[in-house]
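All remarks here apply to the structure that follows.
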Amino acid sequence: MYKLPRGMHDFSSENINKRNYIINIIKKNFEYFGFEPIETPAIENLSTLTKKYGEEGEKLIFKILNSGDFIKDNKSLFKENNYKNIISTISNKGLRYDLTIPFVRYVVMHKHKIIFPFKRYQIQPVWRADKPQKGRFREFYQCDADVIGSKYLWQEIELIQLYDEIFTQLNIPILILINHKEIITGLLEICNIDNNYWNNILIALDKWYKIGLEGVKKELLQKGIPNNIIKYIEPFFLFKGTFKEKIEFFSKKLNSSNKVTNGIKDIKFVYNKLQEIGLNNTLELQLNLVRGLNYYTGIVFEVMPKNKNYSIGGGGRYDNLTHIFGLKNISGVGISFGLDRICILMQELKLFKNIIKYYPKILFINFGNSEAIYAYKLIKILRSKNISAELYPKPIKIIKQLKYANKKSIPFIISIGKKEIERNKISIKNMILGKENEYDNIETLIANIN
RNA sequence: GUGGGCGUAGCUCAGUAGGUUAGAGCAUCAGAUUGUGGUUCUGAAAGUCGCCGGUUCGAAUCCGGUCGUCCACCCCA
């Protein structure tokens, strides 16, 4: 039998309808918030894709083989046994890995005609050659909204409102976690922790909600972080309290660091303004929220469904991303929605109940060629009035045709046979109530079924 | 990239001390005197037991490999 390549999935129309429902709400709000759509190609040059991702990321990029007979021209190539050289000779293109890098590339390429700050959104699939597991596929959609060219915190405030609004409309109660990169790095500086340890510490912290405090401590010890340092930083991550109490605690204990002070100032600003504007969901300061080791530079956020411990969205500010593409001093901030996980979650929460199936509303029974012509004249009128209608393609037994309607949950059946044509009536059956009605013309029928 | 579970009909699964012709339910298709559904009844079709190789007189069953899948780890811009 046929198999799909690893990590690839077909989507049924039911899936698509559900996904479109979510996408429509996201898109609508993106646009209400002033973001404009762009699309970029699935394939980018490897030189573009590998600008930021580093060693680990590069392994996860799907590479596309160059066309032509590259063996003929590089006879000695495979004898070298150097994987990197071989790859760079036989492949210079790859599938995009995320939407941010192509976006930054887009901004740099089109900067002459872009009005800054540039607010764009992008909803497209990305591909990663990762080993698939729960909620992780090799092809999946990202929904990103980014602002580039403004470093003011009002952008952060707006993006949090965007999260708040969209998840409210999707009926998903969430927790919006927020943190600032400089609070953590400042803390690490105060502890005099060797730079070489930073990555390991950040990675361990990022797993907090997954493996818990003990897990994080264990991993830190394993990575060679001295126990006294763990003891020192522990209270900051354990501190329980309201948003305000946390801010006070951190700024009092860590005021020796400019970075921390700066980070707290930003967080405070965002928090206070949002309090005044008002949010439907809870905003929480969470020091162990890390996200993107060398990517984000300022405020970072993450969205978790209430009472679940996984993320369905995240983002943050990145100051140096355009820099690597040669565009200096341009700050960006963005958020992303995990479409597939949101879909799985909504299924779990049974939030798809009210989504209309896109099956035709009316099925015409096929009685034969001459009756079908008569039917099609009515179908044309119905379709022009935005009522979906179809004719059963074969003049087979009526029982069969009705069974088909049943299976597809088509609510109405119109039978135009010799009887009806002779009497100049239209007979429509409501499949839910089991009742049949007759109308003199299609206009009164339309008026009555709505 | 590392480790583990799983792979039998379209779907959910039975089926091992290795032994004739591999089963069930649901779904599908056909019929129950030809213009009205969901029920019921009868019947049919459907599988190279993921694939390749090995052990054996004989393999769905044991062994090796491979592909797919699920889970955990690594990582997640």
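Order of the sequence lines fixes the chain letters, A, B, ..., with proteins taken first and strands second; residue numbering starts at 1 for each chain.
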Distance, rounded to the nearest Å, where [X] contributes [atom1] and [N] contributes [atom2]:
{"X": "Lys394(A)", "N": "rA30(B)", "atom1": "NZ", "atom2": "C1'", "answer": "12 Å"}
{"X": "Lys218(A)", "N": "rC73(B)", "atom1": "NZ", "atom2": "P", "answer": "12 Å"}
{"X": "Ile396(A)", "N": "rG37(B)", "atom1": "CD1", "atom2": "C1'", "answer": "13 Å"}
{"X": "Phe367(A)", "N": "rU36(B)", "atom1": "CZ", "atom2": "P", "answer": "9 Å"}
{"X": "Leu60(A)", "N": "rG1(B)", "atom1": "CG", "atom2": "P", "answer": "10 Å"}
{"X": "Asn199(A)", "N": "rC76(B)", "atom1": "CG", "atom2": "P", "answer": "8 Å"}
{"X": "Ile203(A)", "N": "rC74(B)", "atom1": "CD1", "atom2": "C1'", "answer": "9 Å"}
{"X": "Arg128(A)", "N": "rC76(B)", "atom1": "CZ", "atom2": "C1'", "answer": "6 Å"}

With rounding to whole Å, what would you report as the distance between [N] and [M] at their [atom1] atoms?
{"N": "rU56(B)", "M": "rC13(B)", "atom1": "C1'", "value": "30 Å"}
{"N": "rC11(B)", "M": "rC57(B)", "atom1": "P", "value": "37 Å"}
{"N": "rG19(B)", "M": "rG58(B)", "atom1": "C1'", "value": "7 Å"}
{"N": "rA14(B)", "M": "rU34(B)", "atom1": "C1'", "value": "42 Å"}
{"N": "rU69(B)", "M": "rU12(B)", "atom1": "P", "value": "15 Å"}
{"N": "rU21(B)", "M": "rG47(B)", "atom1": "C1'", "value": "14 Å"}
{"N": "rG23(B)", "M": "rA45(B)", "atom1": "P", "value": "13 Å"}
{"N": "rG4(B)", "M": "rA30(B)", "atom1": "P", "value": "49 Å"}

Could you let me know what [N] is paired to, Watson-Crick or G-U wobble, both distances under 3.5 Å, or none if it's on its own?
{"N": "rC6(B)", "answer": "rG68(B)"}
{"N": "rG1(B)", "answer": "rC73(B)"}
{"N": "rA30(B)", "answer": "rU42(B)"}
{"N": "rG47(B)", "answer": "none"}
{"N": "rG19(B)", "answer": "rC57(B)"}

Determine: side-chain N/O of [X] to OP1/OP2 of [N], distance under 4.0 Å, yes or no.
{"X": "Lys397(A)", "N": "rA32(B)", "result": "yes"}
{"X": "Lys403(A)", "N": "rU36(B)", "result": "no"}
{"X": "Lys207(A)", "N": "rC75(B)", "result": "yes"}

Exercise. Between CZ of Arg19(A) and CD1 of Ile123(A), what distance do you get to the nearest 0.5 Å?
Worked result: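 Rounded to the nearest 0.5 Å, the CZ-CD1 separation comes to 10.5 Å.
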For this session: Please determine which of Phe167(A), Tyr121(A), Phe140(A) meets the ring pair (Phe, Tyr, Trp, His ring centres under 6.0 Å) test together with Phe337(A).
Result: Phe167(A)
For this session: Have a look at Glu420(A) and say if it touches a base, only the backbone sugar-phosphate, or nothing, with a 4.0 Å heavy-atom cut-off.
Result: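 Glu420(A): base contact, heavy atoms under 4.0 Å.
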Exercise. Base, sugar-phosphate, or nothing: which does Glu436(A) touch, judged by heavy atoms less than 4.0 Å apart?
Worked result: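 Since a base atom lies under 4.0 Å of Glu436(A), the category is base.
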[X] bridged to [Y] by N-O distance under 4.0 Å:
{"X": "Glu219(A)", "Y": "Lys223(A)", "result": "yes"}
{"X": "Lys217(A)", "Y": "Glu234(A)", "result": "yes"}
{"X": "Lys119(A)", "Y": "Glu36(A)", "result": "no"}
{"X": "Glu44(A)", "Y": "Lys93(A)", "result": "no"}

Problem set entry | Whether Phe269(A) and Trp154(A) hold their rings parallel, tilted or perpendicular, with breakpoints at 30° and 60° |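 Ring orientation, 0 to 90° scale: perpendicular.
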Exercise. Are any non-hydrogen side-chain atoms of Asp130(A) and Phe137(A) less than 4.5 angstrom apart?
Worked result: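 No - every pair of side-chain heavy atoms lies 4.5 Å or more apart.
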Exercise. Looking only at N and O atoms, is any donor in the side chain of Lys429(A) or the base of rU36(B) less than 3.5 Å from an acceptor on the other one?
Worked result: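 Per atom types, the contact qualifies.
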Exercise. When only distance counts, do a donor and an acceptor, one from the side chain of Lys400(A) and one from the base of rG37(B), lie under 3.5 Å apart?
Worked result: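 Donor-acceptor pair under 3.5 Å: no.
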Problem set entry | Nearest heavy-atom neighbours spanning Ala389(A) and Phe364(A) |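 It is CB-CE1, 4.2 Å.
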Exercise. Side chain of Lys407(A): nearest nucleotide among rG37(B), rC74(B), rC29(B)?
Worked result: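 Out of rG37(B), rC74(B), rC29(B), the nucleotide with an atom closest to Lys407(A)'s side chain is rC29(B).
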Exercise. What string of B, S and - do you get for nucleotides 65-72 of chain B, 5' to 3', when a contact is any protein heavy atom under 4.0 Å?
Worked result: --BSS-SS
